[in-house]
Amino acid sequence: MHENNFQKLAKLIKRAYAPYSHFKVAALVETDKGIFVGVNVENASFSLSLCAERVAITNAITNGAKKFKSLYLLSSKLQMDVTPCGACRQVIFEFCPRHMPIYVYNKIGKVKKYLVSQLLPQGFKLKK
């Protein structure tokens, strides 16, 4: 399963728009409504840039997903420590279970597994 997702991400990452940072990221999220994807999209006004994780999650929500099962990320870097940024961690915390796995690939396919609870142990959430 993981290898198949790496292949999907490897094709998808080519669609990332990162002319400023040259740091491409692709994301794939598995949900109760299927698989949804996203890539990072930069903007000359840097604060308007979108991370792949948030694109994939909002794509899933737009399509009616309620339950998130796993998240797969691929970066264009060789390092193994490329994890979601703080803003993405907060969005992940909002929509995903604390025990949900996040698989982070480097550009050659090596993978590291994290849990949501490891990446953001004390996230912000409004009481409903």
Side-chain angles (χ1 to χ4, degrees):
M1 181 67 164
H2 296 294
E3 189 172 310
N4 188 27
N5 285 335
F6 175 74
Q7 296 303 323
K8 289 178 186 176
L9 290 168
K11 289 179 184 176
L12 183 65
I13 201 168
K14 295 173 185 172
R15 297 181 190 168
Y17 180 75
Y20 307 105
S21 71
H22 306 287
F23 181 75
K24 294 182 174 190
V25 179
L28 181 152
V29 64
E30 294 178 326
T31 74
D32 60 327
K33 297 289 184 182
I35 293 174
F36 298 91
V37 298
V39 296
N40 60 321
V41 180
E42 293 181 348
N43 189 279
S45 178
F46 296 132
S47 64
L48 299 178
S49 296
L50 301 168
C51 296
E53 300 93 310
R54 286 183 280 149
V55 172
I57 289 170
T58 56
N59 186 12
I61 292 166
T62 300
N63 284 282
K66 301 276 189 225
K67 294 181 182 173
F68 292 79
K69 300 175 182 178
S70 56
L71 177 64
Y72 296 82
L73 303 172
L74 171 63
S75 78
S76 59
K77 300 298 179 190
L78 191 57
Q79 303 98 285
M80 288 302 300
D81 60 350
V82 179
T83 59
C85 74
C88 288
R89 290 177 190 210
Q90 177 59 42
V91 170
I92 292 165
F93 186 88
E94 176 92 12
F95 295 103
C96 303
R98 306 303 160 253
H99 63 276
M100 188 188 86
I102 299 170
Y103 300 95
V104 180
Y105 294 97
N106 71 356
K107 71 180 186 177
I108 61 171
K110 290 191 177 186
V111 65
K112 260 183 132 173
K113 177 185 172 185
Y114 299 92
L115 299 178
V116 171
S117 60
Q118 291 175 297
L119 294 181
L120 190 62
Q122 299 296 320
F124 175 76
K125 197 161 187 179
L126 291 174
K127 303 236 183 211
K128 293 181 182 183

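Keep in mind that the numbers below use all heavy atoms, side chains included, and drop hydrogens, waters and symmetry copies.
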Exercise for review: May I ask whether Leu50 and Ile57 are part of the same hydrophobic cluster, defined by side-chain heavy atoms of I, L, V, M, F, W, Y residues being less than 4.5 angstrom apart, directly or through others?
Suggested key: no
Study note, to complete from the structure: Residues passing the side chain to side chain contact (heavy atoms under 4.5 Å, CB included) test with Gln118, sequence neighbours excluded, are Tyr114, Leu115
Exercise for review: Just grab all the side chain to side chain donor-acceptor pair (under 3.5 Å) pairs involving residues 9-18, residues at least two apart or on different chains.
Suggested key: none
Revision key, fill the gap. Nearest heavy-atom approach of Pro101 to Lys113 is CB-CE, 3.7 Å
Review point. Given the rule in the side-chain contact (heavy atoms from CB on, under 4.5 Å) test, do Val116 and Ile102 qualify, once you have shown the distances and angles that lead to the verdict?
Key: CA-CA 7 Å; Val116 171; Ile102 299 170; 4.0 Å; yes
Point to revise | Arg89 (side chain) donor-acceptor with Pro84 (main chain) under 3.5 angstrom | key: yes
Point to revise | Side-chain cluster (under 4.5 Å, hydrophobic types only) that Leu48 belongs to, other residues | key: none
Revision key, fill the gap. The complete set of ring-ring contact (aromatic ring centres under 6.0 Å, His included) pairs with one or both residues in residues 76-101, sequence neighbours excluded, reads none
Practice item. Determine, stepwise, if the pair Leu71 / Ile92 fulfils side-chain contact (heavy atoms from CB on, under 4.5 Å). Key: CA-CA 9 Å; Leu71 177 64; Ile92 292 165; 3.7 Å; yes
Study note, to complete from the structure: Note: Leu28 and Lys8 closest approach over all heavy atoms is CD1-CD, 3.9 Å
Review point. Which residues satisfy the side chain to side chain contact (heavy atoms under 4.5 Å, CB included) test with Lys69, sequence neighbours excluded?
Key: Glu30
Exercise for review: Give the minimum heavy-atom separation between Lys33 and Ala65, together with the two atoms involved.
Suggested key: CG-CA, 3.5 Å
Exercise for review: With sequence neighbours left out, write down each residue that passes ring-ring contact (aromatic ring centres under 6.0 Å, His included) with Tyr20, or none if nothing qualifies.
Suggested key: Phe46
Study note, to complete from the structure: Correct closest heavy-atom pair for Ala52 and Val25 would be CB-O, 3.4 Å
Check your understanding: Does Asn40 use its side chain to pair, donor to acceptor, with the backbone of Ala18 at less than 3.5 Å?
Key -> no
**Study point:** By side chain to side chain contact (heavy atoms under 4.5 Å, CB included) - contacts of Lys107 (at least two apart)
**Key:** Leu78
Review point. Shared ILVMFWY cluster between Val41 and Leu74, side chains joined below 4.5 angstrom?
Key: yes
Exercise for review: Is it possible for you to say whether Ile35 and Phe6 belong to one hydrophobic cluster, with membership spreading through side-chain heavy-atom contacts below 4.5 Å?
Suggested key: yes
Practice item. Could I get the full list of side chain to side chain contact (heavy atoms under 4.5 Å, CB included) partners for Ala26, not counting sequence neighbours? Key: Leu9, Leu12, Ile13, Val39
**Study point:** In one Ile/Leu/Val/Met/Phe/Trp/Tyr side-chain cluster, 4.5 Å: Tyr105, Val29
**Key:** no
Practice item. Considering non-hydrogen atoms only, spot the tightest contact between Cys51 and Cys85 and give its length. Key: SG-SG, 3.9 Å
Study note, to complete from the structure: For residues 49-68, the ring-ring contact (aromatic ring centres under 6.0 Å, His included) pairs (sequence neighbours left out) are none
**Study point:** Of all pairs that satisfy side chain to side chain donor-acceptor pair (under 3.5 Å), the ones with a partner from residues 49-67, not counting sequence neighbours
**Key:** Asn59-Asn63
Review point. ring-ring contact (aromatic ring centres under 6.0 Å, His included) with Tyr103: which residues, sequence neighbours excluded?
Key: His2, Tyr72
Point to revise | Single-linkage hydrophobic cluster Val82~Val55, side-chain heavy atoms < 4.5 angstrom | key: no
